[in-house]
Amino acid sequence: MFSTKIAGIGHYVPERIVTNHELSKFMDTTDEWIQERTGIKERRYGKKHKETTTTMAAEAAQVAIKRAGIDKNDVDFIIFATLSPDYYFPGCGVLLQREMGITNSACGALDIRNQCSGFIYALSIADQFIKTGVYKNILVVGSEMHSMGLDFTTTGRNVTVIFGDGAGAAVLQASSVEGKGILTTKLHADGTHAEMLSFINPGCHGGYYDQELEKFGYPDVEFGGLFITQKMLDDHMTFPYMDGQFVFKLAVQKFPEVILEALNSVGLSKSDINMLIPHQANLRISQFVQRSLGLKDEQVWNNIQKYGNTTAASIPIALSEAWEAGKINEGDLVCLAAFGSGFTWGSAVIRW
Ligand code: ACO
């Protein structure tokens, strides 16, 4: 049995910086409101029609592959986490394979739809394949081009100001050094409140979620034509929805829980953490988690101020940045944790 190590990590964020002030030209919001509630000062938006979730992922992946010291055709499995794919189908995994010119058709490609916890889920799946010797080099990617799917009117302001674009990637390999690499991953899900943080149209449910159907009446069409309707467009129902306070309350409970669960399962405690990389949901959530675990500022990596919430990309971007800044060194205990839509949440404990 091998353990799994992160052999290379990389990230990419688009050049275009969008400040809070710029957003306030499109919707009724202010820099003060956004910073106070979320900590976000600015975010990046990809170049419309030039950049996509896949092209940004390729940029990040090239860096990770180079740092791992392998050739792109050594990649034998791709796991791609995103909630903002280029196409409804096929998934971004195969698009990334094509974009990067990976010609090895023995390389499988899998898409993960676990939103904010997508990268942790992807890491956990990769870990199982590496430990069992099925694959040698797995490319795990989180990438999001949120800016193409947000509501830039005041109706969508509570969601739109939070999200940004970017990508992060890691190459996972077997490690022969005992006690190094991914020590454990923990995954959780509870679909009870699936719509509390959701992007439900278009979808095969044929329109609004149940409460809305009851309110507006079921559309008078027997087959087809319901995937996307004029009414959905008119009602701003083709954008993400979030009950912010509901999400906040659960997030601050689940983050510490899942971090401690992972640490306890490998006989470690919060005092062993060298670097916590939380999913960059909201600076207030990360600060709450930091306080509840009694960690110092230098033990928690925050970059939401610059990039907003990049969902599946946020952990690998933060991990790559922290590593580049020399804040993650050989032997350090790194803890990753996420909570998000689904709800799904998870954590990973890694001995670097
Ligand atoms: N600018 C100005 N005013 C706004 C904005 C905005 N961008 N968005 C909402 N408001 C208004 C609301 O309309 C409301 O006005 P009203 O009182 O007249 O009705 C008022 O501000 C308060 O709205 P709330 O939603 O109650 O604001 P809250 O203080 O809860 O802050 C926020 C909203 C920032 C979303 C908060 O709930 C939060 O951080 N929740 C956590 C959710 C989160 O982090 N999600 C990230 C994605 S999920 C994840 O990654 C885990």
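Bear in mind the structure is a predicted one, so any value in this text is a computation, not a measurement.
When hydrophobic clusters are built by joining Ile, Leu, Val, Met, Phe, Trp and Tyr residues whose side-chain heavy atoms come closer than 4.5 Å, directly or via intermediates, F255 is grouped together with F288.
With sequence neighbours left out, the side chain to side chain contact (heavy atoms under 4.5 Å, CB included) criterion links S147 to Y45, M145, D165.
A distance of 12.0 Å separates CD1 in I120 from CD1 in I125, rounded to the nearest 0.5 Å. In this structure, OG1 in T4 is found 10.0 Å from CD1 in I350, a value given to the nearest 0.5 Å. For the atom pair OH of Y135 and CG of L172, the computed distance is 14.0 Å after rounding to the nearest 0.5 Å.
Centroid-to-centroid, the aromatic rings of F77 and F129 come within less than 6.0 Å.
No salt bridge links E32 with R37; every basic N to acidic carboxylate O contact stays at or beyond 4.0 Å.
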From CA spacing to verdict: salt bridge (Lys or Arg N to Asp or Glu O under 4.0 Å), R157, D28: CA-CA 7 Å; R157 64 182 176 176; D28 185 9; 3.7 Å; yes
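The shortest non-hydrogen separation linking N274 to L333 is OD1-N, 2.7 Å. Shown here for K327 and D332, the closest heavy-atom pair between the two residues is O-OD2, 3.8 Å. Across every non-hydrogen atom of A312 and A81, the tightest pair is CB-O, 3.5 Å.
Partner of H146 under the ring-ring contact (aromatic ring centres under 6.0 Å, His included) criterion, out of F199, F163, F152, Y307: F163 alone. Checking T310, T82, T53 one by one against E144, the side chain to side chain donor-acceptor pair (under 3.5 Å) holds for a single residue, T82.
Between F246 and F343, the angle of the ring planes stays under 30°, which puts this pair in the parallel group of the 30/60° scheme.
Side-chain atoms of N303 and E321 form a donor-acceptor pair, as typed in the model, at a separation below 3.5 Å.
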Throw together a table of side-chain donor-acceptor distances under 3.5 angstrom for residues 177-186, partners on residues two or more places apart or in other chains.
| unit_1 | atom_1 | unit_2 | atom_2 | d |
| --- | --- | --- | --- | --- |
| K180 | NZ | E330 | OE2 | 2.6 |
| T185 | OG1 | S124 | OG | 2.8 |

